[in-house]
Amino acid sequence: MSTPTSPIARYNFHETEARWQKVWDERQTFRAVMDRAKPKYYVLEMFPYPSGRIHMGHVRNYTQGDVIARYKRARGFNVLHPMGWDAFGLPAENAAMEKKVHPKKWTYENIATMKTQLKSMGLSLDWSRELATCDPSYYRHQQKMFLDFWNAGLAYRKEAWVNWDPVDNTVLANEQVIEGKGWRTGAPVERRKLTQWNLKITHFADELLSRLDTLGRWPEKVRLMQANWIGKSRGARVFWQLTDGSGAASSKKDWGKLEIFTTRPDTLYGASFMALSPEHPLTAELALKDPGLQHFIAECRKTGTAAAEVETAEKQGYKLPLLAKHPLIPGKTVQVYAANFVLMEYGTGAIFGCPGHDERDHEFAIKYGLPILPVVAPADADLKSFSVAQAPFIEDGVIINSDFLNGLGVEEAKAKVIARLEEMGVGKGTTQYRLRDWLVSRQRYWGCPIPAIHCDKCGVVPVPAKDLPVKLPDDVTFDKPGNPLDRHPTWKHVDCPKCGGKGQRETDTFDTFIDSSWYFDRFTSPGLETAPFDRQENEYWMPVDQYIGGVEHAILHLLYSRFWTRAMREVQMTSRDEPFDGLFTQGMVCHETYRATDGTWLMPEEIERVDGSKVVRLSDRTPVEVGRSEKMSKSKKNVVDPDQIIRDYGADTARWFMLSDSPPERDLEWTEAGVTGAWRFQQRLHRIATTALAEVPPAGAPKPAQFSDAATALRRAAHKTIAGLTADIEAFHFNKAVARLYELASSIDSAKAAGDDSLKWVLREALEIFVRLIGPMTPHLAEELWQALGHRSLLAEQPWPLPEDALLVDDTVTVAVQLNGKLRGTIALPKDAPKEAAEKAALVQPDLVRGLEGRTPKRVIVVPNRIVNIVV
RNA sequence: GCCCCCGUGGCGGAAUUGGUAGACGCGCCUGACUCAAAAUCAGGUUUCCUCACGGAAGUGUUGGUUCGAGUCCGACCGGGGGCACCA
């Protein structure tokens, strides 16, 4: 990579960028102070994990946020734009094991490095509010909130089958298992039965779902993903009386009622079997005396949860010595099975099988030779030939073979059967959610300690508030796998706060997603020791007006944060429901991949393009295979270091490139050509401005009474750019904003003022507008030019320019003339010319006349200021 | 399997409510400057026919609605994302 240089390139970005960063810093330009007289605007980008160095994804994310922050500041808002560190997490522990460096040291060193890097980008951040989640002054409040939630019944311990990541040696929340694999390690998760801490996110399931509709400034896609994740289903619980089906006449045991959940109570008359989850308590009870069942349960457990395995896994059942009495058909009983496809975590862990109208039940019934009765038929079906023997019918239709439901539609039948079940006391209409409670225990060291103490006598006891924070011990070892806290010689041994007897600290730590579920609240009062935040400050600044981050957090982080806010509301810490008013999800930064002949991946700087198309390896000139553009990742080496780009081209160039061309929500391809293009434009701008400056009148020169045509044209261009660009920034159309700025730059560049004094004045006006408009995007260059224009103030503190409305509309418009909808030519008309005039002018347009070939128009359609269509 | 999004020049992408398709940038071509190169500046650049004027076709394919479709509707093809034995 080489820096393009030229004798004309006088703009020294190195010196300039450092100088203005220092000025902003010293003058605390971006410090946010509560001021009720001013409207506030809270801009936040998802805070980084301090992994070592910033990457291009950060550069893109923070550039976008900074454009908004600087723009809103110019619009008169009191802007809060803070930065912090999502500092707990496994990579720190992995580094400890691999590099023998303490996680704390590793983390804080990374923070220092990355802070320097972020500062070199010239971001308008209020660094006085910086926080790190691994700091006890942060997590003490988190521990306190957890105790409050616990007290309010929102946190609890439960033994359950959980997802275990065998590589990271910890449990994972449901949201952290992607296609049956751990979200970080990609290792297939294992099932383990453990007692773990959970947060009751399901308590808010309905609200988390219904409130999505009110998040108007969130991407539709994210709301949809959350809605699917919460997964609301309407249906019924139905109670089936169990009886002994073993054939033993003497058995008198009362097996009680089996509760099942179904979304299709309308198909109850088609029931042919019952199925229990292998993990269902009743299955376990029966297994005690049945080695065959024990074996079956063990086999089911072996099958992984990976998508591929589940897809191919055959339906397996184990016949239990039980029959279930049909709640609606007197005298009818069906066989009860344990079945591998029934999930314990959903509904009641038990189902009724209706093979006629469910694919899984159908497959099961075929395998075990169970009856398949149709109870729903298509409205137009011939009932004599209609059959579900080959395949289930799962669409809407008309109920048949179902007594009092016959003839009804599916939805009507559902309502009617639920009413009947409730009447008879054998069922109940219910709503079921797919969402599970949030499992927050992690068997790891580098996280926030869970403030609980286990006592043999008192059970699990909360750590008293006065003893917070429960600090992580520093003296831990990483020489063995497992949780260093658990094997620490002294840390966990404490007295029970309740009885004073011997107790043991909880050695699990919190899921780090808790840390990021309230940091935006902490930014409103970062130094406060007595509480997570000051209520007044919090109510002034929150909610976040614009949140920006990757779509990969569409469910995890965003859903957890929405939950945490509600949990805080439940314990009267806030009255707010939602933390993020506006959300924008930015695309990834991609780059081509390169492979050497031996198959190894190559870094972009290890290759060279020859003759435009051929690519060779720099070191030995061997050919290189160019792969498609993919997300920058260390494993494929297609990464470009932001530091190097900023060093070679400057922060403004990096920022400008990030905003150009690609719409911000889409993936961006990083190319060398694109960067040099952005760099050249910075140089060109500086040249255009300094050249024009030689001609323009001084700042504050009186406005001319009259403008020449050329001057008016440039004024129009400049003022239209203000209006267009303002709308573009509001709509996150940064690529279009950039295109407008290119156009205005060209207009300024081509304006030749020689002898035209009004144009000279306009040249200054246009330059001033231009410099203000690029301020949010390339702040250093803008500040430099602002000063060159003769201002002593800081551009960062200047208001946004407003367009003169009169200059936004043209006197004449170009109207297209069409013949049968095809363009023939154009005519110039005064704006808002009457329809008759437009029609008259169009009918004599030469290209149209030729196209008409003497035919008479049948009809003429006139769209004012746009089009005249002549139909023959 | 279910749900959702997207297909526009060589490339990234523009295109209010249906109303002049290809803004702007990159790349490429030609020219100017230069001993030369780089940089810079000027012009050109959807395809086909034509010296030109001009004309024809054209937004994944296909059918439809309309005076008029990149935009709306149907079917299909291709790419991407989410969920996934959720009863």
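Numbered from 1 within each chain, the chains take letters A, B, ... in sequence-line order.
Using a 3.5 Å distance cut-off with no hydrogens or angles, the side chains of Q586(A) and R666(A) do not pair a donor with an acceptor. Judged by distance alone, the side chains of E175(A) and Y560(A) do bring a donor and an acceptor atom under 3.5 Å apart. Remark: the Q316(A) side chain and the Y318(A) side chain contain no N/O donor-acceptor pair separated by less than 3.5 Å.
When atom types are taken as modelled, the side chain of H362(A) and the backbone of C354(A) share no donor-acceptor pair closer than 3.5 angstrom. Without hydrogens or angle criteria, T653(A) side chain to Y649(A) main chain gives a donor-acceptor distance under 3.5 Å. No donor-acceptor distance shorter than 3.5 angstrom exists from the side chain of R60(A) to the backbone of V589(A), with no hydrogens or angles considered.
rG27(B) and rG13(B) have their C1' atoms separated by 14 Å, given to the nearest Å. For the C1' atoms, the distance linking rU66(B) with rC77(B) amounts to 26 Å, nearest Å. Across the P atoms, rG68(B) and rC3(B) are found 34 Å apart, a figure rounded to whole Å. Between rU45(B) and rG81(B), the two C1' atoms lie 36 Å apart (nearest whole Å).
Considering only the side chain of E743(A), rA23(B) comes nearest among rC83(B), rA23(B), rG81(B). In this structure, the nucleotide among rA87(B), rG25(B), rC4(B) sitting nearest to the side chain of D661(A) is rG25(B). Of the candidates rC24(B), rA87(B), rC85(B), the closest approach to any side-chain atom of K315(A) belongs to rC85(B).
Pairing of rG22(B), defined by two Watson-Crick or G-U wobble distances under 3.5 Å, is not identified with any nucleotide. Checking rU45(B) for Watson-Crick or G-U wobble geometry (two distances, each under 3.5 Å) identifies rG27(B) as its partner.
Atom CD of Q432(A) is separated from atom P of rC86(B) by 13 Å (rounded to the nearest Å).
Among residues two or more places apart in sequence or in another chain, the ring-ring contact (aromatic ring centres under 6.0 Å, His included) test is passed with H280(A) by none.
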Legend entry - Protein proximity profile, nucleotides 16-22 of chain B - base contact B, sugar-phosphate-only contact S, no contact -, cut-off 4.0 Å on heavy atoms: BB-BB--
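Applying the 4.0 Å criterion to OP1 and OP2 of rG68(B), one finds that N820(A) has every side-chain N and O outside that range. In this model, the phosphate group of rG55(B) is approached by a side-chain N or O of R850(A) to a distance below 4.0 Å at OP1 or OP2.
rG9(B) has its base syn relative to the sugar, with a glycosidic angle deviating from 0 by at most 90°.
You won't find any donor-acceptor pair under 3.5 Å spanning the side chain of R360(A) and the base of rC86(B), going by distance alone.
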